[in-house]
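Reading through the structure tokens given below for one structure.
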Amino acid sequence: MDGNGRWAAQRGWPRIKGHKAGVQAAQDILEAASDLGIEHLTLYAFSTENWKRPGLEVTMIMALLRMYLRMFLPKLRSKGIRFHHLGAAEGLPPGVRQDLAGLEAQTAGHPGMVFHLAVNYGSRLELVQAARRCVEDGLAPLEVTEEALARRLWTAGVPDVDLMIRTSGELRISNFLLWQAAYAEFYLTECLWPDFRGPQLREAVEAYAQRERRFGGI
Ligand code: FPP
């Protein structure tokens with residue numbers, strides 16, 4: 001969801017207005033992705049590094065998150081979308097944890113697309129936790145395989161990333177799905193997140209469909 005702040009700054013508005021517009025874009029993308037038949041959609045809303053932002057901005061993002069999670073429910077119901085929180089629940093304010101878990105429970109039986117919202121997500125933390133779980137589960141060194149590790153990630157059971165979209169001209173991966181995106185196709189766009197809507201998603205998916213994926217083969 002990169003570019004919310006710049007989108008607001010371009011209009012001479014406070015950053016929080018950019019985040020609000022960013023949530024509207026998220027709602028649009030949710031619908032467009034589900035209509036396109038995408039099975040898993042992950043949005044990177046808040047990283048383990050985003051706590052470094054000014055306290056007021058963090059508080060406002062958390063408040064927006066709580067407010068909008070509730071507003072997502074009718075769309076999740078009408079489209080049969082299942083919600084999944086991706087990230088460390090510990091470390092999040094209790095109310096946010098409750099809301100994330102509540103939305104997971106309320107949408108658990110939905111048969112359609114899975115919407116993963118990354119909040120307090122960091123790929124390195126996820127990998128460290130998975131490694132710790134291997135130890136806690138008493139695995140012998142040779143039992144620590146790619147499959148064993150993948151089963152202990154927060155994305156256990158979720159297919160690897162096919163298409164990674166980064167908005168606002170950023171050219172980094174920023175600690176996002178490092179393991180899962182090993183063979184992801186990248187789509188980088190100058191478009192700021194609040195302007196990234198259904199037509200832009202369709203354009204990205206069309207570009208992806210033209211790619212030849214070799215997964216290390218020839
Ligand atoms: C990135 O833009 C955006 C964020 C760090 C926060 C986005 C999260 C929310 C708005 C919370 C609610 C989300 C949902 C989907 C319910 P930026 O601030 O880094 O923008 P900039 O790079 O232009 O400064």
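As the structure lists them, so they are numbered: ligands from 1, and atoms in each ligand from 1.
Legend: residues meeting ring-ring contact (aromatic ring centres under 6.0 Å, His included) with Tyr183, ordered by chain and number and at least two apart, are Phe215.
At a 4.0 Å cut-off, at least one heavy atom of Arg53 sits close enough to ligand 1 to count as contact. Under a 4.0 angstrom heavy-atom cut-off, Arg15 registers as being in contact with ligand 1. The closest approach between a heavy atom of Gly22 and any atom of ligand 1 is not below 4.0 Å.
Contact atoms of ligand 1 toward Asn50: 5 (C) (distance under 4.0 Å to a heavy atom of the residue). Per-residue contacts place Val23 under 4.0 angstrom from the following atoms of ligand 1 (heavy atoms of the residue considered): 10 (C), 12 (C), 13 (C).
Scanning the protein for heavy atoms near atom 1 (C) of ligand 1, the closest one is Met1 O, 2.9 Å. Ile61 CG2, 3.7 Å is the protein heavy atom nearest to atom 11 (C) of ligand 1. Here the heavy atom of the protein found nearest to atom 22 (O) of ligand 1 is Arg6 NH2, 2.8 Å. Atom 16 (C) of ligand 1 has its closest protein heavy atom at Leu65 CD1, 3.8 Å. Looking at atom 20 (O) of ligand 1, its nearest protein heavy atom turns out to be Gly5 N, 3.0 Å. Residue, atom and distance of the protein heavy atom nearest to atom 7 (C) of ligand 1 are Ala45 O, 3.3 Å.
For the residue pair Asp195 and Gln200, no side-chain donor N or O sits within less than 3.5 Å of a side-chain acceptor on the partner.
Taking the charged nitrogens against the carboxylate oxygens, Arg6 and Glu170 do have a contact shorter than 4.0 Å, which makes a salt bridge.
The cationic atom of Arg53 (NZ for Lys, CZ for Arg) does not lie both less than 6.0 Å from the six-membered ring centre of Trp51 and within 45° of the ring axis.
Side chains of Met164 and Ile173 form a contact here, defined as non-hydrogen atoms less than 4.5 Å apart. Put simply, the side chain of Tyr121 reaches to within 4.5 Å of the side chain of Leu177, judged on heavy atoms.
Here the two rings, on Tyr187 and Tyr208, have centers that are 6.0 Å apart or farther.
The number of heavy atoms from other shown groups lying within 6.0 Å of CZ (Arg11) is above 12.
With atom 15 (C) of ligand 1 as the reference point, the heavy atom nearest to it among Val58, Thr167, Leu117 is part of Leu117.
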